[in-house]
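Data first, discussion second: the structure below is written as structure tokens.
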Amino acid sequence: MDLILAQFLTGLASASSLFLAASGLSIIFGVTRIVNFAHGAFYMLGAYLAWTFAGLWAGGPGWWAAILAAAAVTAVLGAITEIVLLRRLYRVPELFQLLATFGLTLAVQDVVVLIWGPEDLVGPRAPGLDGAVMILGQALPTYDLVLIAAGPIVLAGLFLIFRRTRFGILVRAATQDRDMVAALGVDQRLLFTGVFALGVFLAGLGGALQLPRAAVSHTMDLGIIVEIFVVVVIGGLGSITGAFLAAVIVSELNAFGILVLPEISLVIAFLVMAVVLVVRPQGLLGRAEAPARGAAAGFVRKPWAPWPVPLKAAVIAGLAVLVAGLPVVTGGYVLGVAAEIAIFALFAQSLQFLMSTAGVVSFGHAAYFGLGAYGTALAATGFGLAMGPAAAAGVALAGAGAVVFGWFCVRLSGVYLAMLTLAFAQIAWSIAFQWVSVTGGDNGILGVWPPRAVSDPAAFFRLAAVVAIAGVALLRMMTFAPFGQALRALADAPRRAEAIGLDRRRMQWAAFVVAGVMAGLAGVLHAYLKGSVFPDVLAIPLSVDALAMVLLGGVETVSGAVLGAGVFRGLSIWLTASTDLSKLVLGLLIVVVAALVPRGLGGLPALLPRRHRR
């Protein structure tokens, strides 16, 4: 009992810090509908600022002043971000807001390294709270007791703000129907800025309060954002009480999972999130999401048309010259980079087909890329299969994963569907990471080499390019086929499409499988390109990269993801080799594109005068 109680209290301490950050994200999404991927970056900034202020202000009152000052400065930075960047994006599709906040996250990571350095920083202990108390014979840090009390105190404060103040009433009203609030004369700009600043203040406070418990690191943003998303979705988007309840559930599962089920400790929270979304899509205490009216004014989807025959002939000729001529004029390194870009072009195009044609947003598309890579690696190294059968095994595994995951996902919609795809992707990643006897864990699977006929860089580039071109062409053909037109109808006008007999779930499920198979094929090529497979091919950053490629290229285009993949991967590789601030440059570029060209690079022709577009 003493060990159980100590572990339970440790979980409660973690829950308080997690709740602070998660409640901020829940408030922001509830009012502004922004899936703020940069929320983890503000959490990280709060921790770094607290470390700086705590070093300047010694003593008990000074330490607590440092915590509050860090949260306040973080809130100011959040308000500036909302005014300068996000205010431009409220009337565009929500995915572009995700793209902008993702770019902001990349930039903040390098800014933090530039200011504070790459080493982990250890902050001072809270004055007077650096000891421990004995509870049933178990030592519990005194500071954990303070954190346990902080969560309910902040929850009570938020309850009073939202129930007893005019600002809180407006926030609650905007959470339910922000267009009606605007119709009543409320200045949405000031309301959104206040809400964003409050949410970021809570994130900064959560990061600052972690100062005595853990080292401050420039990678802590991506680590916490995943847990924040899990908590917000389990509790219910926009529900503060739900966020508190979910934070307790997730933290206790993490605390006891290590003791009871260490083999699946990384996957428990995502299993719970998947079950909650399947059983109750709006979360434990959330409400069904009301459709936002007018949120994407000016972004009416126009009918797509196939390329005219002269343009098709020109593209085919240009690709033929590229595939045949590039190995003649360049060396192995450039060919390896070109093969990687071709592979990611196919990967991004598979996600574009799912998002643009079928209207299904996936935050976990790397699951099928990784399943294809692992299926091939296991078949090649474990069973000694040749490249052809091993590739077929990888594609089959990716397709099977898409069949299973897609069956559950298409029963949801909107952000809940996207978060369920994230949960399934994290489950797949956790299995690959912890099933060491089969997957090798973080040591990966080595020795996945192509046969002699395509082992040369020039030959493998041609293989990857031909497969990628064929895959993209097939997805384009399916887009303009009756199947693709029906998917487009279901995405644009679901009620009308279902009224004429189209089965939304069945058709979107089929699109899910098609996209998963194509992503798995890209994963197969990636495994042979690298000669190895590691769990990061299933991780969230790769899924976010795929989203960035699609959005950079243009989500309202048929094949803009190919252009987005070329720009994103090419710049990533070049900047990584050229500068230590590659994330800063790439992040700022993404932010600029999201703010100034929200239709993506593929939508640039639409900005030209009509007489110049052809």
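Everything numeric here is computed off the predicted structure, so don't read it as measured data.
Put simply, the side chain of W407 never gets that close to the backbone of A402: no donor and acceptor are under 3.5 Å apart. Remark: side-chain polar atoms of H39 are not paired, donor with acceptor, to backbone N or O of V200 under 3.5 angstrom. Side-chain N or O atoms of T557 include one that pairs as donor or acceptor with a backbone N or O of G554 at under 3.5 Å. Counting only distance, with no hydrogens or angles, the side chain of Q349 and the backbone of V558 share a donor-acceptor pair below 3.5 Å. With R411 contributing its side chain and L417 its backbone, the two residues share no donor-acceptor pair below 3.5 Å. Judged by distance alone, the side chain of T439 and the main-chain N or O of A432 form a donor-acceptor pair under 3.5 Å.
Contact detail for G206 and Y43: the closest heavy-atom pair is C-CE1, 3.5 Å. Shown here for V533 and A527, the closest heavy-atom pair between the two residues is CG2-CB, 3.6 Å. The shortest heavy-atom contact between V230 and A269 is CG1-O, 4.1 Å. Residues A342 and A468 share a closest heavy-atom pair of O-CB, 3.3 Å. Across all non-hydrogen atoms, the minimal contact from A377 to V448 is CB-CG2, 3.7 Å. Closest of all the heavy-atom pairs between A373 and V537 is CB-CG2, 4.5 Å.
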(message) The test is side chain to side chain contact (heavy atoms under 4.5 Å, CB included); show your working for L85 and T101 and say whether it passes.
(response) CA-CA 9 Å; L85 174 62; T101 55; 5.9 Å; no
(message) Assess the residue pair F433 and L538 against the criterion (side chain to side chain contact (heavy atoms under 4.5 Å, CB included)); give the C-alpha distance rounded to whole Å, side-chain angles, the decisive distance to 0.1 Å, and a yes or no.
(response) CA-CA 10 Å; F433 189 83; L538 292 154; over 6 Å; no
(request) With side chain to side chain contact (heavy atoms under 4.5 Å, CB included) as the test, would you mind laying out the steps for L104 and T81 before giving the verdict? (result) CA-CA 9 Å; L104 187 62; T81 301; 3.6 Å; yes
(request) Take N36 and F29, measure what side chain to side chain contact (heavy atoms under 4.5 Å, CB included) needs, and give me the verdict at the end. (result) CA-CA 7 Å; N36 182 22; F29 180 84; over 6 Å; no
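For I169, the side-chain contact (heavy atoms from CB on, under 4.5 Å) test picks out R172, with sequence neighbours left out. Scanning for side-chain contact (heavy atoms from CB on, under 4.5 Å) contacts around R280 gives Q282, with sequence neighbours left out. Remark: R569 engages E340, I341, F344, D545, M549 in a side-chain contact (heavy atoms from CB on, under 4.5 Å) (not counting sequence neighbours). Qualifying side-chain hydrogen bond (donor to acceptor under 3.5 Å, both in side chains) partners for S17, counting only residues two or more places apart in sequence or in other chains: Q210. For S559, the side-chain hydrogen bond (donor to acceptor under 3.5 Å, both in side chains) partners at least two apart in sequence or on another chain are R476. Applying the ring pair (Phe, Tyr, Trp, His ring centres under 6.0 Å) criterion to F229, with sequence neighbours excluded, gives no partner residue. Under the ring pair (Phe, Tyr, Trp, His ring centres under 6.0 Å) criterion, F102 pairs with F37, sequence neighbours left out. For the side-chain contact (heavy atoms from CB on, under 4.5 Å) test, residues two or more places apart in sequence or in another chain that qualify with V275 are V279.
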Which donor-acceptor pairs under 3.5 Å do side chains of residues 231-253 form with protein atoms, sequence neighbours excluded?
| unit_1 | atom_1 | unit_2 | atom_2 | d |
| --- | --- | --- | --- | --- |
| S239 | OG | G242 | N | 2.9 |
| S251 | OG | A15 | N | 3.3 |
| S251 | OG | A247 | O | 2.9 |
| E252 | OE2 | L12 | N | 3.3 |

If you look only at distance, which donor and acceptor atoms sit under 3.5 Å apart when one is on a side chain in residues 513-522 and the other is two or more places apart or in another chain?
none

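Between the CG atom in L371 and the CG atom in L397 there is a gap of 5.0 Å [rounded to 0.5 Å]. Separation of atoms CZ (F512) and CZ (R505) is listed at 14.0 Å; rounding is to 0.5 Å. Atom CG of L502 and atom CZ of R496 lie 13.5 Å apart (nearest 0.5 Å). Here CG of L25 is found 11.0 Å from CG of L202. Values are rounded to the nearest 0.5 Å. With rounding to the nearest 0.5 Å, the separation of CG in L198 from CG in L158 is 6.5 Å. Residue T357 holds its OG1 atom at 8.5 Å from CZ of F480, rounded to the nearest 0.5 Å.
Residues F196 and F42 are in side-chain contact: their nearest non-hydrogen atoms beyond the backbone lie under 4.5 Å apart. Counting only heavy atoms from C-beta outward, the side chains of I590 and F568 approach each other to under 4.5 Å. When side chains are defined from C-beta on, W509 counts as touching V403, because their heavy atoms get closer than 4.5 Å. Under the 4.5 Å side-chain criterion, counting only non-hydrogen atoms from C-beta, V360 is not in contact with M355. For the pair D442/V436, no side-chain contact is recorded, criterion being any heavy-atom separation below 4.5 Å from C-beta on. Counting heavy atoms from C-beta outward, L420 and F405 have side chains that stay 4.5 Å or more apart. No side-chain heavy atom of F363 sits less than 4.5 Å from a side-chain heavy atom of S543. Counting heavy atoms from C-beta on, the side chains of L542 and D536 never come closer than 4.5 Å.
For residues 360-374, the set of pairs meeting the side-chain hydrogen bond (donor to acceptor under 3.5 Å, both in side chains) definition, not counting sequence neighbours, comprises S350-H365.
Using a 3.5 Å distance cut-off with no hydrogens or angles, the side chains of Q352 and S356 do pair a donor with an acceptor.
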